[in-house]
Amino acid sequence: MSSLPEHPDPGGPDGPVPGPRRRAAPRGGAAPGPRRRPVPALELLVHGVGGATPQEMLGNPGAVRVTGDRTAAIHRAADDLVDRPWDDERPVREAYTWSNLTSGNGARALWLLLLPFMIVNMAHWMRPAAPGHGRSHRCYDVLIRLTALSLTVLLVAGACVVTMDLLAWQCAAAPLCADRSTWFRFLAEPGGWWAHPGRRLALASALPTLLVGLLWWLSRRTWSAYESAYPPVRLRADGGRGAQLGLPGFWYGRGVVGRLRAAHTAAGLLTIATVLLTGSLVRDLSPAGTPHLLPIGLVLAGVGTVLGAVVIRIVVRAGRTEIDRDVRPLPRYVTALPVACLVLLLLCLIHSVPVRGGFESTGAHPASWGFPAVTAIQLVLLICLAAVAVRLHRAAPRSDRGVLGGLGGPAAALLGCALGGVLTGGVAARFADWLDPHSTLAGPGVLTGPPVLHSWQAATLPALLCVMAVLALVVAIRTHLEGRRLVDGVLGHYPEERRRPHEVRTTHLASAVARARLTDRAPGMFGTLVIASLLLGAGAALGAGLTGVTPAAAVEGGPGAVSGFAALSQAVGSWSMGIGVVVLVAMGRRAYRDPAARRTVGILWDVGTFWPRAAHPFAPPCYAERAVPDLTWRMGTWVDLTGGRIVISGHSQGSVLAAAAVWQLDAPTRSRVALLTHGSPLHRLYGRWFPRYFGPTALRSLRDDLRCWRNLWRETDPIGGPVRVTGDDPPVDRGALLDPRHYGRNLLSPLPAPLLGHGDYADDPAYRLERARLHALLVGEAGADPATGTAPEAAPGVPSSRRGAVDGDTTTVPDPPAGREGDGP
């Protein structure tokens, strides 16, 4: 371990002068130099997807938690708890572990059922990087939030189909269905109290209501744990406007989530009330209806319409406030809205209880028209969203244009809507099959079955699976051919092996590079699937709307091959929808129990939950709203206390967290921080799919703010890659690291060297070399002596980070105002 000697104080008995000022030279003598002291420094490690234990990150079994809790914490080695100067071979290391923010017990696997909500929320952040155009950006926000609201209505309506339509309305009215089970046979007893359809609907509404309550509770619980982490008060000179992620309120979404949660909870309750009222009003409006109950039902319907308008108003106006932290309390009408909708639902329950003479439930529930209506609304919203996205894309700088011609956001929103339809349809289809085993979507049985739209959607699934299979085959062939073309390039990295190449080894390495490049082709594959889904979904909605019957019934009487194909498609699609729900839950449970499976599933999952809940409050919580303030607080307070230097090292998703945290720092603190990224998806994934926030212009602004930044990558890495910030000396990107480091066996590697791909960057000698260079550059940038690693000592009680970016700079940062809400940790 190297140590840095402390220089004697040349300033005399008075000590150093605070701030950038220097003491005047005494008469007849030269001005004394500033006192110099050893500068402490540390390496702050941030792990990536899949997580890592503090012991693994620090390479020491004796890890001690320095600060934090069981969810996210900073650890150090037990024998390295005291700050000390930099040592190139063994610097002081801290490990920030955040994997418990996205994983934990097996119950969290149920979050995967909220995948449609997460995808549509992610679409909010996939907008083109058009500067200005505030009206277009606001229009984009509103359309995304309305699309998210339609998904909530779709989910609750799906629960209503299962319990209120299939069970209470259809099965309870058919003795052959109700007699198959003892636990709901009482609903169909002739002359029984529950034999009235309105009372059965009222009882069956309990499950959808509990579902809405569960979503509200989960959102509020995670709202308190994630969105309530206050960012540190470190004002940037530009107010954070140089990059969106540098805005003071970017990682504090408590206000918007609270407003959207109230609106979506109210929308779910209104959906249940609509199903209840529709069944009663259809009877009351008929010639044989109950006249004295009709006015009450119409009044309740009018109140529900007014409350629905209030919901839409809140959703339209619930924009994010990122210029500063949104600490405004929720308006009273927002907090009262879910309560008002719950009261309305209770009144609808009471209105459904009275006996209406001759009221029988036949066929599908009258509210089954809601599914085609919601689908049509979603289609209109997505078309408008695509138009706005194209406009923003054309206004964006050419270098900042994202994937799919600016349609990445609308495509993701379409995927979320399609997935929501498949999940709700799959559950409804399997439940209908359980109630009536002798009937399938292919033909009539005791039950009418779920809404017709579900059967058309199910019939399109086999065609979509065929498209996916063909696409996978084409990609596999192209990858194989590219691997063969890359053989010579792979051998070029190992010139000493050209005389004795090993064919199997060379082919294996070339194939690894070709597979890693699949990430760059992901936009094309995703676009193909979205186009196929759009065409098939539009065809299903059109067929359901024009015919009003299932595909098999629509072609009944036609050629045998056609009718057989329609019946087979419906049956296969129905089972595929149901199996998909089970597989999704099973994958989630395995991902949270098996680290290897988590690395596979967690890539897209961690990308989706990185973003704040700006569009859908029931989406899985944003871990970055806890992790980014944690890192910013740690770097800022440690620099304030010690005046030292930090090399923050982020791997994979950890590099994105590290970059976001650095963006939040003020200039004096940032001048003492260097960034080392490795296996980073900053450009390869985030820059292409989220150009407004991580595009070339944004990454260039990060480079301008942070002069000490280096990025390591490999050609075999399927996730990380170069950040492509050019025009600097030294450049941010180092040339691709060799993987494997040795082609064959030699004195240094007597056994075959493994192919590392996305992992183990810290074991490469280039990592230690670049870490040492970053610290040396950091010391030079901050005005310290590069030879000794010492810097002018600050006055007692004046943190060095509160001085300028370099000694002599008079830039200051105001201290947090005392007593202001939210300034504590």
Side-chain angles (χ1 to χ4, degrees), residues 150 152-154 156-174 187-188 193-209 212 266-312 337 340-377 428 447-453 544-545 548:
S150 71
T152 297
V153 173
L154 185 69
V156 178
C160 292
V161 166
V162 169
T163 60
M164 301 176 71
D165 183 7
L166 294 175
L167 180 60
W169 186 267
Q170 297 185 36
C171 185
L187 295 176
W193 196 87
W194 294 104
H196 188 268
R199 294 173 179 174
R200 297 199 303 264
L201 288 176
L203 178 63
S205 67
L207 184 59
T209 305
V212 174
L269 295 174
L270 289 176
T271 302
I272 303 170
T274 300
V275 177
L276 275 173
L277 274 178
T278 302
S280 301
L281 283 177
V282 167
R283 178 61 183 176
D284 293 339
L285 289 171
S286 66
T290 309
H292 68 277
L293 293 177
L294 178 59
I296 300 176
L298 293 177
V299 170
L300 292 176
V303 173
T305 302
V306 173
L307 292 176
V310 175
V311 169
I312 294 177
L337 180 61
C341 293
L342 183 60
V343 171
L344 176 65
L345 177 59
L346 293 176
L347 293 176
C348 292
L349 289 173
I350 297 173
H351 179 259
S352 301
V353 169
V355 176
R356 292 165 170 82
F359 188 16
E360 299 291 340
S361 57
T362 57
H365 190 278
S368 59
W369 57 265
F371 277 93
V374 172
T375 302
I377 291 172
L447 304 182
T448 303
V452 173
L453 181 61

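The analysis underlying the following values was restricted to heavy atoms, covering all of them including side chains, and did not include hydrogens, waters or symmetry mates.
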Checklist outcome for this item: Correct closest heavy-atom pair for Ala544 and Val452 would be CB-CG1, 4.3 Å

Item to check | Heavy-atom pair of closest approach, residues Ala364 and Gln170 | outcome: CA-NE2, 3.8 Å

Checklist entry - Do side-chain atoms of His365 reach the backbone of Val275 as a donor and acceptor pair under 3.5 angstrom? => result yes

Checklist entry - How many angstroms lie between atom SG of Cys171 and atom CG of Asp165, to the nearest 0.5 angstrom? => result 11.0 Å

Next on the checklist: Just so I know, are the side chains of Val282 and Phe359 near enough to count as touching, which here means a heavy-atom distance under 4.5 Å?
Outcome noted: no

Next on the checklist: Just verifying a value: how many Å separate His351 NE2 and Leu344 CG, rounded to the nearest 0.5 Å?
Outcome noted: 11.5 Å

Item to check | Check: Asp284 main-chain N/O paired with Arg356 side-chain donor or acceptor under 3.5 Å | outcome: no

Next on the checklist: Tell me the closest heavy-atom pair linking Val374 and Ser150, and the distance in Å.
Outcome noted: CG1-O, 3.9 Å

Item to check | Note, Leu345 side chain near Leu276 side chain (heavy atom, < 4.5 Å) | outcome: yes

Checklist entry - Is any side-chain heavy atom of Met164 less than 4.5 Å from a side-chain heavy atom of Ile272? => result yes

Next on the checklist: Once rounded to the nearest 0.5 Å, what's the spacing between atom CZ of Arg199 and atom CG of Leu349?
Outcome noted: 13.0 Å

Checklist entry - Leu285 and Leu294: side chain to side chain contact (heavy atoms under 4.5 Å, CB included), yes or no, with the steps? => result CA-CA 7 Å; Leu285 289 171; Leu294 178 59; 3.4 Å; yes

Checklist entry - How many angstroms lie between CD1 in Ile312 and CG in Leu307, if you round to the nearest 0.5 Å? => result 11.5 Å

Checklist entry - Which atom names give the shortest non-hydrogen contact between Ala367 and Thr278, and what distance separates them? => result N-CG2, 3.9 Å

Checklist entry - How long is the gap from CG on Leu270 to CG on Leu277, to the nearest 0.5 Å? => result 10.0 Å

Checklist outcome for this item: When every non-hydrogen atom of Ser205 is compared with those of Pro208, the smallest separation belongs to O-CD, 3.4 Å

Item to check | Distance in Å, Trp169 CH2 paired with Cys160 SG, rounded so as to fall on 0.5 Å steps | outcome: 13.5 Å

Checklist entry - Are the side chain of Thr163 and the backbone of Ala204 linked by a donor-acceptor contact shorter than 3.5 Å? => result yes

Checklist entry - Side chains of Leu166 and Pro450: closer than 4.5 Å at any heavy-atom pair? => result yes

Item to check | Minimum side-chain heavy-atom gap Ser361-Arg200 below 4.5 Å | outcome: yes

